[in-house]
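Labels below follow one simple rule: chain letters A, B, ... track the order of the sequence lines, proteins then strands, and each chain is numbered from 1.
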Number of protein chains: 2
Amino acid sequence: MGSRWGINRTVGQIYALLYVSPKPLCADEIVEALGISRSNVSMSLRELQAWRLVLLSHKPGDRREFFSAPDDVWQILRTLIEERKKREIDPTLSVLREILMQDPQGESERFAQRRMTEMHGLIEQLTTWYDDVKQLDTQRLATLLGLGSRISRLLDASDKIVSVGRRKTKDGKGRV
Amino acid sequence: MGSRWGINRTVGQIYALLYVSPKPLCADEIVEALGISRSNVSMSLRELQAWRLVLLSHKPGDRREFFSAPDDVWQILRTLIEERKKREIDPTLSVLREILMQDPQGESERFAQRRMTEMHGLIEQLTTWYDDVKQLDTQRLATLLGLGSRISRLLDASDKIVSVGRRKTKDGKGRV
DNA sequence: CACGGAGTTCAGAAATTTCTGAAACTTCTA
DNA sequence: TAGAAGTTTCAGAAATTTCTGAACTCCGTG
């Protein structure tokens, strides 16, 4: 299924298996379930650990390691996004910053820099927003999502809250 | 640079080139600039068109086609997200739905279905939210992003707006 | 209606990514 | 300290993806 989450096919398969499995699995159980090599499982689990997507557990008197996915899907999503940001967005941002440090040579360079400044600004706005929003607990996040189209009306109200500061709002409608 | 946007390296390079280029380019100019084969450029441009990421233009008395990226980065982002959703999220959702139609056989199947229901719910919540938010014009979207951490406080206020309906809010603070 | 420039197609080559088996390593136990 | 059970590593094999050159289509022109 969806193997375009920044991880490869096998890793995805293993994670899907752990996700739907009612109890933690050990490496050999995964080998058997998916028909892939032991070493592949080992490397893939290592990868999942690097992504902090799996939980490790042990049974008393058993040396094997058992793996499972977190219970909370929201938590999984948060981890996934956090890791992707770390691996993809952050490096992109710093490359962009480096380029923007240099002085542009000639007209087309200037244009290119302007464009990259725009791109940088966009990404930075998004990550700033994300860094804020990720602080919210899942409950509130769900409320925010559920708000949906009403968000627009609310925005108008917030224009006032923000611009007028702490003064009382007169109504919930807003302008435009 | 960032070639993990669901498109391949060359396509990314070409798009980056178009993005920073002050004027539309024709296929041969891209060949020359990037040192890749004509056929590769042709196929990559085709791909970019399929993603609706490029604009096509012509010069009078010239049969060649000229390509460029939209001026507005926000618009580029919107298109990118929309297309990825169409290609990745939507198919995932329908596969999930299909699976959830079937009756689970046995205990572990039941568990698996519960898990998939959770996943389905999560994705649906996110896409519903997205479908709403994408209606907003860029101006408002920027405001929403800029709101950042204040969003939390606002959420508490919105609890009231939503639950009390259209009545006037007493202050912008909220509780907690 | 043959020519040439522009664009496209596609089979195989090249590059990249992923997977495997065999050997090495680690711990625990007897 | 030998060995059993589990895990890890890694060089090369296999699979997949991407790229290319050569042939082809599609116009408009002289």
Inter-residue atom distance B/W74.CH2 - A/Q125.CD, 0.5 Å rounding = 5.0 Å

Return the value, rounded to whole Å, for the distance between atom CG of B/D62 and atom C1' of D/dC27.
-> 14 Å

For C/dT9, does OP1 or OP2 lie under 4.0 Å from any side-chain N or O of B/R46?
-> yes

Presence of salt bridge, B/E65 and B/K59, under 4.0 angstrom = no

With a 4.5 Å heavy-atom cut-off, do B/L126 and A/L77 have their side chains touching?
-> yes

So which protein N/O to nucleotides 23-30 of chain C N/O distances come out below 3.5 Å?
unit_1: C/dT27; atom_1: O2; unit_2: A/R63; atom_2: NH1; d: 3.4

So with a 6.0 Å cut-off around CZ of A/R38, is the heavy-atom count from everything else above 12?
-> yes

Could you tell me the separation between the CD1 atom of A/I7 and the C1' atom of C/dT18, rounded to a whole number of Å?
-> 14 Å

Between C/dA6 atom C1' and B/L25 atom CG, what is the distance in whole Å?
-> 16 Å

Side chain to side chain donor-acceptor pair (under 3.5 Å) involving B/S42 - partner list, sequence neighbours excluded | none

N/O-N/O pairs, protein side and nucleotides 19-22 of chain C side, under 3.5 Å:
unit_1: C/dC19; atom_1: OP1; unit_2: A/T10; atom_2: OG1; d: 2.3
unit_1: C/dC19; atom_1: OP2; unit_2: A/T10; atom_2: OG1; d: 2.7
unit_1: C/dC19; atom_1: O5'; unit_2: A/N40; atom_2: ND2; d: 3.4
unit_1: C/dT20; atom_1: OP2; unit_2: A/S37; atom_2: N; d: 2.9
unit_1: C/dT20; atom_1: OP2; unit_2: A/S37; atom_2: OG; d: 3.0
unit_1: C/dT20; atom_1: OP2; unit_2: A/N40; atom_2: ND2; d: 3.1
unit_1: C/dG21; atom_1: N7; unit_2: A/S39; atom_2: OG; d: 3.3
unit_1: C/dG21; atom_1: O6; unit_2: A/S39; atom_2: OG; d: 2.7

Would you indicate whether the side-chain heavy atoms of A/H120 and A/M116 approach each other to under 4.5 Å?
-> no

Do B/R115 and B/E118 meet the salt-bridge criterion of a basic N to acidic O distance under 4.0 Å?
-> yes

Starting at atom CD of B/E65, determine the distance to atom P of C/dG5, rounded to an integer number of angstrom.
-> 18 Å

Can you tell me the distance, in whole Å, between the CD1 atom of A/I30 and the P atom of D/dT8?
-> 12 Å

To the nearest Å, give me how far apart CD (A/E29) and P (D/dT7) are.
-> 11 Å

A/L45 CG to D/dG6 P, in whole Å, measures 15 Å

Provide, to the nearest angstrom, the distance between the CG atom belonging to B/L34 and the P atom belonging to D/dT18.
-> 17 Å

When you check the gap from the basic side-chain N to the acidic O, do A/E124 and A/R97 get nearer than 4.0 Å?
-> yes

Do B/T79 and B/E83 pass the side chain to side chain donor-acceptor pair (under 3.5 Å) test, and can you show the C-alpha distance, the side-chain angles, and the key distance before you say yes or no?
-> CA-CA 6 Å; B/T79 306; B/E83 291 291 322; over 6 Å; no

